[in-house]
Asks: 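Here's a structure for you.
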Amino acid sequence: MCLLRSRLTEGKKVRCDNFRPMVNKLFASPEAALADIPDGSTIMIGGFGHAGMPAELIDALIAQGARELTIVNNNAGNADTGLAALLKAKRVRKILCSFPRQADSWHFDALYRAGEIELELVPQGTLAERIRAAGAGIGAFYTPTAYGTRLAEGKETRRIGDRDCVLEYPIHADYALIKAERADRWGNLVYRKSARNFGPIMASAARCAVVQVRETVELGALDPESIVTPGIFVKRVVRVAPSMRKAA
Amino acid sequence: MCLLRSRLTEGKKVRCDNFRPMVNKLFASPEAALADIPDGSTIMIGGFGHAGMPAELIDALIAQGARELTIVNNNAGNADTGLAALLKAKRVRKILCSFPRQADSWHFDALYRAGEIELELVPQGTLAERIRAAGAGIGAFYTPTAYGTRLAEGKETRRIGDRDCVLEYPIHADYALIKAERADRWGNLVYRKSARNFGPIMASAARCAVVQVRETVELGALDPESIVTPGIFVKRVVRVAPSMRKAA
Amino acid sequence: MKKLDKKQIAARVARDIPDGAYVNLGIGLPTLVADHLPRGREIILHSENGILGVGPKPAPGEEDEDLINAGKEPVTLLPGGAYFHHADSFGMIRGRHLDFCILGAFQVSVAGDLANWHTGGADAIPAVGGAMDLAVGAKKVLVMMEHLTKSGESKIVERCTYPLTGARCVNRIYTDLAVIDVKPDGLQVVEMVEGLSFDELQRLSGVPLRRLATAA
Amino acid sequence: MKKLDKKQIAARVARDIPDGAYVNLGIGLPTLVADHLPRGREIILHSENGILGVGPKPAPGEEDEDLINAGKEPVTLLPGGAYFHHADSFGMIRGRHLDFCILGAFQVSVAGDLANWHTGGADAIPAVGGAMDLAVGAKKVLVMMEHLTKSGESKIVERCTYPLTGARCVNRIYTDLAVIDVKPDGLQVVEMVEGLSFDELQRLSGVPLRRLATAA
């Protein structure tokens, strides 16, 4: 055959490039893994409380400098570090979360009262399902949650069977920053206890999922029955040693 | 306090009774686990090919005698045993599946051509998602699958972002008959290889999920990180020894 | 009359949870129920951040930052417990797999509407968490709260004045004064504390109540 | 001209799959592609019944009835592979996580409509499987088929006469005669077999084709 030209892999949908010789998604540092995040990105950040919070990736995002971000997280930052520090640095335009108000959410509270941050408050299960819908290619879904409440105002509703439902749309992201326990070079992940929380669904909903892990293992070392996030959802893995975690 | 009467657990929603002293979902035999299936039930049957097919439970369903069943399975029976035998015995009014036509689906083929069985043909991913939606309490969802095809005729559609979508509704079942590898008395399950297929979602979508397993283990013996179906979705577990499997 | 204290309300709720039940305890007051579950019953607690089979608080020094409940307090896992992600966890809730959830409340209406997430203040920063999912999801929604506000007004109301968490979702209310079922045709008093008359409870509640019919 | 046989078409498709790609091979003809993936490339095969990292056929006697592909043939799992359930598997597909899927076809239209599940016969028993999900889901949908039907008609058509699997979903067509891209403005020939002229290909295809512009 006379090969004229092969342009098959140049499709613009492949934004976060997987294709390297011998699949290897391991990155050397949080900084390297987040270097290309542009201003205006939508970024999901995993974690519920400290469990699953990718502290070192958030620190690297703060150092990286991207602005006008839209953040998706269950909360809106605690005390003065992590997401709260990102908010304090005025790098966040909008936040989608279920539970912003906490005893130590003072940076969010101040920005919110000053009108300097937009809040989209989403019931926690609807937040999870909207993220999952993005990852699973669902266009929209009807949920009974929040029907008849202030959080459903202005939304389409429909009675289905014995339940009144609200129409909700997926939340897609450009990047997901999550934490897992262990990964291999294909990006297969396992988590630890309740630190799993939003990690698997956020990885699936982002064009580029970046994962910090405590340990990397050889390909084949993870039990295929127990892999929670298959590597197809993961673009970049950074090992953050336990000692670094404590120091942070 | 003067207790007048406590009727809290009599709610009619709890149809498949969980409440026994020291949660123990283990049943003595497939027959015992299926004894109460009434005529007209909707029954999901797990499996894709032979992988995950609950052969002994299907045999017990045939022996049990319930009629006018609606069956949900990926296929419509092969050769002369299992689901095909249930069809042959004219116990099935309707089947929902993605791939009825196979080289050895002669019992289905004959009933279908004779107009003696109703077929709802569902794309495989839509079948899986409709089952998952039932388990997850989703009222309905929009999917791009089948838009513009014969299988979307008469269905609501909507353009969402860059994709035309079709509105699909959940598939609920009265019973699910599935196969797993290992269970404990709470009904926690792990599967084996590609035999996992429809098991986890069917368990979640049925009021009464009945599981045949190769092995039962002590509570606590399954790794909580690796449990695929938490026991909350499972009502009845029957151990079917490997030797029985071979004999069937 | 002898009002119940918080622990006593929790113990009263706990008595109604049957063996084998799957239960979610909302953050705050309802978490007390865990300490009063009757011995000899195996009750499986769900935490919406991805745990079934939540066990008791860890011993001091044994806390694990990766094992917390929905209130972000350290917990343990019972043998037979399992971990899962947030979408699966809320699928369990929304899909009506939990037998009970137990929630605190600002107000409950005679129709079973629940208000427990927002005081309605214009300046208040809202936060909802999983309350709206639990309110529509569990097979039975149990509310535990004090019967009266600090200023003496009934928290059981004709119509909620605070923003709703869910409409027509509450099945039973446990207060420091009484246990009350929400029925399609109104509120039905199941129990009252010693020394409280039905008429007094009716007066304090300010909404129509009726007694549970007993065998005469 | 030298028509390609099935294996040669499969080999030609395989050449276009880059290192690191996630790929689903439809049942039938496309499964041949697995045998021709270039050595030295790490390509991760997906099977819609819940496998990533599908490996080669097992040695005779090593088959495992719990480890089969979407065509229900015994397979193996590569190191790094994983199992998951059907909803997760089709989430991967529908959610556009697969880089490529490779499907057989009865017909492809100039607009990229695909017909591959139903001959349209009134008496035919329909069966769709995962084809409609793959058609809308993969980032790139590649079709491999013979260029002409047994009676010599083009399978590339102005409008599909068979029932559609998906509308405007095909990105590239590999036949025994040519490789053709489906572009928004029409079909563009990328390659032809030795000895076949563009005019002859145009005549056989019966729909407007154009040559890929090359540096003159």
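We name chains A, B, ... by the order of the sequence lines, and we start the count at 1 in each one.
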Asks: Do Ile232(B) and His46(C) come close enough that some side-chain heavy atom pair is under 4.5 Å?
Replies: no
Asks: Looking only at heavy atoms and a cut-off of under 4.5 Å, which of Ala136(B), Gly220(B), Gly137(B) has the most pairs with chain C?
Replies: Ala136(B)
Asks: Shortest non-hydrogen contact from Met92(C) to Pro230(B)?
Replies: CE-CG, 3.7 Å
Asks: Is it true that, when you exclude Lys94(B) itself, more than 12 heavy atoms of the residues, nucleotides or ligands shown sit nearer than 6.0 Å to its NZ?
Replies: yes
Asks: For the CD1 atom of Ile227(B) and the CG atom of Leu52(C), what is their distance to the nearest 0.5 Å?
Replies: 9.0 Å
Asks: Indicate the atoms forming the closest heavy-atom contact of Tyr22(C) with Trp186(B), along with that distance.
Replies: OH-O, 3.8 Å
Asks: Measuring from Glu42(C):CD to Arg185(B):CZ, what's the distance to the nearest 0.5 Å?
Replies: 4.0 Å
Asks: How far apart are the closest heavy atoms of Val23(B) and Gly20(C), and which atoms are they?
Replies: CG2-CA, 3.3 Å
Asks: Does any backbone or side-chain atom of Leu219(B) lie under 4.5 Å from a heavy atom of chain C? Answer side chain, backbone, both or neither.
Replies: both
Asks: Say you draw a straight line from OH of Tyr83(C) to CG of Asp223(B); how long is it, rounded to the nearest 0.5 Å?
Replies: 9.0 Å
Asks: Given the options Leu222(B), Val228(B), Asn188(B), which has more heavy-atom pairs under 4.5 Å with chain C than any of the others?
Replies: Asn188(B)
Asks: Does NZ in Lys155(B) sit with more than 12 non-hydrogen atoms of other residues, nucleotides or ligands closer than 6.0 Å?
Replies: yes
Asks: Which bit of Ile93(C) comes within less than 4.5 Å of chain B, counting heavy atoms only: side chain, backbone, both or neither?
Replies: neither
